[in-house]
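Reviewing the structure listed below.
Side-chain atoms are counted along with the backbone in the values below, which use heavy atoms only and exclude waters and symmetry mates. Whatever order the structure lists them in is the order used to number ligands and atoms, beginning at 1. One-based numbering along the sequence shown.
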Amino acid sequence: MKVFIGYISLSGNTEKMAVIIKDRLAAAGCKVEMERLDRLETDTLKDYDLVFIGSYTWNKDELPYEAIEFYEELGQADVYGVKVACFGSDDLSYTNAYTAIDMLLKKMKDHGSNVYGETLKIHQKTTTYNQIKRCEDFADQVLMWSTKRKKWRLFLRSRALNILHYAKPASL
Ligand SMILES: Cc1cc2nc3c(=O)[nH]c(=O)nc-3n(C[C@H](O)[C@H](O)[C@H](O)COP(=O)(O)O)c2cc1C
């Protein structure tokens, strides 16, 4: 399974989450690539079986400056059907009514991406056992979600092919 993790991080908190998710997925046998969002060709997201997008929040619940180009490109790029989950570090002492990752998730959903319903938000730095475990559990759950859907599709497809096979007249 080919996974991409795109992230933006100023002081390293979101990057640390990205690295924990990456290590967890790699240990589960995934081929994982990781890159900053401001170095990403948005159209390449289609090439992956699963995508994680991570960002911190900035300036009273706004997108960080380095994520703006990516956010705008999502309006033109073909991200239809891309399976995506979002995570990031915030400061929960802000109101956090709507964070950068909520904005990114909504934009991808609006453009047809297949988004994982829950986001992973951690206050500042990921240091405690519980915070690390939350990142690992998130990686596991998203991976399970994405493969379940694939297996279900394969099952339906094989069933349809079987039905066609049995319906075929013996004379043909
Ligand atoms: C100037 C400034 C503005 C910030 N604005 C917000 C904000 O509006 N909402 C929020 O949740 N966090 C805000 N934060 C906190 C960062 O999102 C938080 O420190 C995060 O852990 C940084 O992640 P990073 O280390 O990946 O850059 C702000 C931080 C700074 C320095």
The option among Ser89, Ala100, Ser9 carrying the non-hydrogen atom nearest to atom 24 (P) of ligand 1 is Ser9
Heavy-atom contacts with Lys60 under 4.0 Å: which atoms of ligand 1 show up? List them by number with element.
-> 5 (N), 7 (C), 8 (O)
In terms of the angle between their ring planes, are Tyr48 and Phe4 parallel, tilted or perpendicular, with boundaries placed at 30° and 60°?
-> tilted
To the nearest 0.5 Å, how far apart are CZ in Arg24 and CG in Asp137?
-> 7.0 Å
Protein heavy-atom partner closest to atom 25 (O) of ligand 1 - residue, atom, separation in Å | Ser11 OG, 2.5 Å
Does Asp49 pair with Lys83 as a salt bridge, N-O distance under 4.0 Å?
-> no
Tell me, which protein residue and heavy-atom name are nearest atom 23 (O) of ligand 1, and how many Å apart are they?
-> Tyr56 CB, 3.2 Å
In sequence, state the C-alpha distance, the side-chain angles, and the governing distance for Asn13 and Ile122, and then conclude on side chain to side chain contact (heavy atoms under 4.5 Å, CB included).
-> CA-CA 9 Å; Asn13 299 345; Ile122 288 189; over 6 Å; no
Between the side chains of Thr99 and Asp102, is a donor N or O closer than 3.5 angstrom to an acceptor N or O?
-> yes
of all protein heavy atoms, closest to atom 8 (O) of ligand 1 is Asp61 N, 2.6 Å
For ligand 1, which atoms, with element, lie under 4.0 Å from some heavy atom of Leu10?
-> 24 (P), 26 (O), 27 (O)
Could you tell me the residue and atom name of the protein heavy atom closest to atom 30 (C) of ligand 1, and the distance to it rounded to 0.1 Å?
-> Trp58 CZ3, 3.6 Å
Kindly confirm or rule out an N or O of Gly12 lying under 3.5 angstrom from an N or O of ligand 1.
-> yes
Distance from atom 11 (O) of ligand 1 to nearest protein heavy atom, with residue and atom = Asn96 ND2, 2.8 Å
Is the backbone of Thr128 close enough, under 3.5 Å, to the side chain of Gln131 for a donor and an acceptor to pair up by distance?
-> yes
Heavy-atom side-chain contact between Leu37 and Tyr7 under 4.5 Å | no
Can you tell if the side chain of Thr126 reaches within under 4.5 Å of the side chain of Ser89, non-hydrogen atoms only?
-> no
Protein heavy-atom partner closest to atom 16 (C) of ligand 1 - residue, atom, separation in Å = Thr57 O, 3.6 Å
Structural part of Tyr94 in contact with ligand 1, heavy atom criterion under 4.0 angstrom | side chain
Hey, does Asn59 sit under 4.0 Å from ligand 1 if you only count heavy atoms?
-> yes
Answer yes or no: is there an ion pair linking Asp47 with Lys2, defined by an N-O contact shorter than 4.0 Å?
-> no
So which heavy atom in the protein is nearest atom 12 (N) of ligand 1, and how far is it from that ligand atom?
-> Asp91 N, 3.2 Å
Any salt bridge between Glu62 and Lys60, counting N to O under 4.0 Å?
-> no
Report the nearest protein non-hydrogen atom to atom 19 (O) of ligand 1: residue, atom name, distance rounded to 0.1 Å.
-> Gln124 OE1, 2.7 Å
Would one find an N or O of Glu15, backbone or side chain, under 3.5 Å from an N or O of ligand 1?
-> no
